[in-house]
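What follows is one structure encoded as structure tokens, with my remarks underneath.
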Amino acid sequence: MVRVSPRVVVLAGGVGGSKFVLGVREALRRRGMDDTAAALTVVVNTGDDIWLSGVRLQPDVDSITYALAGVNDTARGWGRDGDSERVNHELQEWGAGWPWFTLGDLDLGTHLARTGWLRDGLSPTQVLERMSQRWPLGARLLPMTDAEVDTVVVLEDGSRLHFQEWWTRHRAALAPARFENPGIEVAAPAPGVVEAIASADVVLIAPSNPVVSIGPVLAVPVIRDVVATTAAPVVGISPIIGGKVVRGMADVCLTAIGVETSAAAVAAHYGSRETGGVLDAWLLAEEDDALAPEVAGGGIRSLVTPLWMTDAAASAAIAETALVAAGV
Ligand code: FO1
């Protein structure tokens with residue numbers, strides 16, 4: 001019997017996104033699919049991107065690439081495993097770059113290669129396609145857009161700083177008034193994104209930061225529309241467990257946009273597709289069992305399941321639950 005692969009699209013940010021994407025790839029493999037790259041497309045947030053020391057960084061794209069390749073630093077959650085910092089020290093001696101931001105030597109190789117290809121005239125999508133050839137990733141990665149729409153954090157006093165400075169230097173300690181992605185309102189989805197979502201059998205929203213990771217993806221106007229209207233079921237996975245963020249500082253981001261740090265509030269923020277939102281179903285952690293009626297009351301089917309992505313098997317089990325919830 002020929003096994004038909006479901007076409008799966010995941011909308012994802014970096015650290016949580018990469019753990020989840022590994023789980024989806026593993027779930028597809030467990031279903032007996034050898035060529036997961038033909039089945040799995042990941043639309044990656046590029047709001048975290050930044051020009052620094054003359055090179056283009058794409059933190060979320062790289063986190064997912066490195067994780068799928070098995071060369072990521074799992075302890076830090078970003079960068080390459082076993083990286084060194086010789087060039088970074090030298091940059092700091094020159095007073096170049098940011099003293100609080102580490103550019104690993106191997107990681108810099110990625111940024112140099114990418115920047116060179118961008119300078120040669122390749123689009124970010126073409127660069128990522130080229131970069132995806134190096135390792136057998138088992139997934140097709142697409143940036144959400146080829147436009148540069150780096151996230152800016154606007155503070156209460158009106159001052160503005162790049163998301164990476166706010167996140168890594170200030171550890172999100174400066175209260176944000178809002179997040180902006182200048183130019184995103186006219187940004188086109190990267191080639192292939194709309195087609196992938198429109199022809200998918202299931203769209204999954206990874207347990208990534210809803211504001212600064214999934215937020216920018218859905219802020220690309222056409223992406224939000226196609227997620228809202230695709231024939232495929234859309235299933236989200238809560239990044240909040242027991243009223244707390246699993247990792248990162250998503251609670252600060254949620255507070256800034258007036259959303260409570262609760263799995264039900266994040267589901268309501270995404271909204272039901274019945275009422276103009278993007279979700280059909282929402283995976284809730286067992287710790288948030290009591291919130292299931294509230295989620296269902298908002299027109300979103302809720303499923304309670306363990307959501308800690310402690311290892312690949314746990315992530316694969318979550319992904320499998322999401323696929324089954326979507327009927328694929
Ligand atoms: N995060 C840090 O906390 N400190 C760093 O020095 C740092 C460097 C860095 C370099 C390349 C890269 O791709 C990511 C890097 N990150 C660093 C992670 C990144 O700032 C954020 O965690 C993500 O953008 C949020 O998803």
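Just so you know, these numbers come straight off a predicted model, no measurement behind them. Counting starts at 1 for both ligands and their atoms, in listed order.
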Would you mind listing each N/O atom of ligand 1 next to any protein N/O under 3.5 Å, plus the distance?
residue, atom, partner, partner atom, Å
ligand 1, 1 (N), Trp78, NE1, 3.3
ligand 1, 3 (O), Arg171, NH1, 3.1
ligand 1, 3 (O), Arg171, NH2, 3.3
ligand 1, 6 (O), Thr102, N, 2.8
ligand 1, 20 (O), Gln164, OE1, 2.5
ligand 1, 22 (O), Trp167, NE1, 3.3
ligand 1, 24 (O), Asp48, OD2, 2.6
ligand 1, 24 (O), Gln164, NE2, 2.8
ligand 1, 26 (O), Asp48, OD2, 3.0
ligand 1, 26 (O), Asp60, OD1, 3.3

> Going by an N to O cut-off under 4.0 Å, is there a salt bridge joining Lys244 and Asp251?
Replying inline: no
>> I'd like to know whether Trp100 forms a side-chain hydrogen bond (donor to acceptor under 3.5 Å, both in side chains) with Gln164, so could you lay out the CA-CA distance, the side-chain angles of the two residues, the decisive distance to 0.1 Å, and finally the verdict.
In response: CA-CA 10 Å; Trp100 62 86; Gln164 290 296 344; over 6 Å; no
> What heavy-atom pair brings Val304 and Ala292 nearest, and what distance separates the two atoms?
Replying inline: CG2-CB, 4.3 Å
> Are Trp167 and Phe101 close enough that their ring centres sit under 6.0 Å apart?
Replying inline: no
> Who pairs with Glu320 by salt bridge (Lys or Arg N to Asp or Glu O under 4.0 Å), at least two apart in sequence or on another chain?
Replying inline: Arg31
> Can you find a side-chain donor-acceptor pair between Trp308 and Glu286 that sits under 3.5 Å?
Replying inline: no
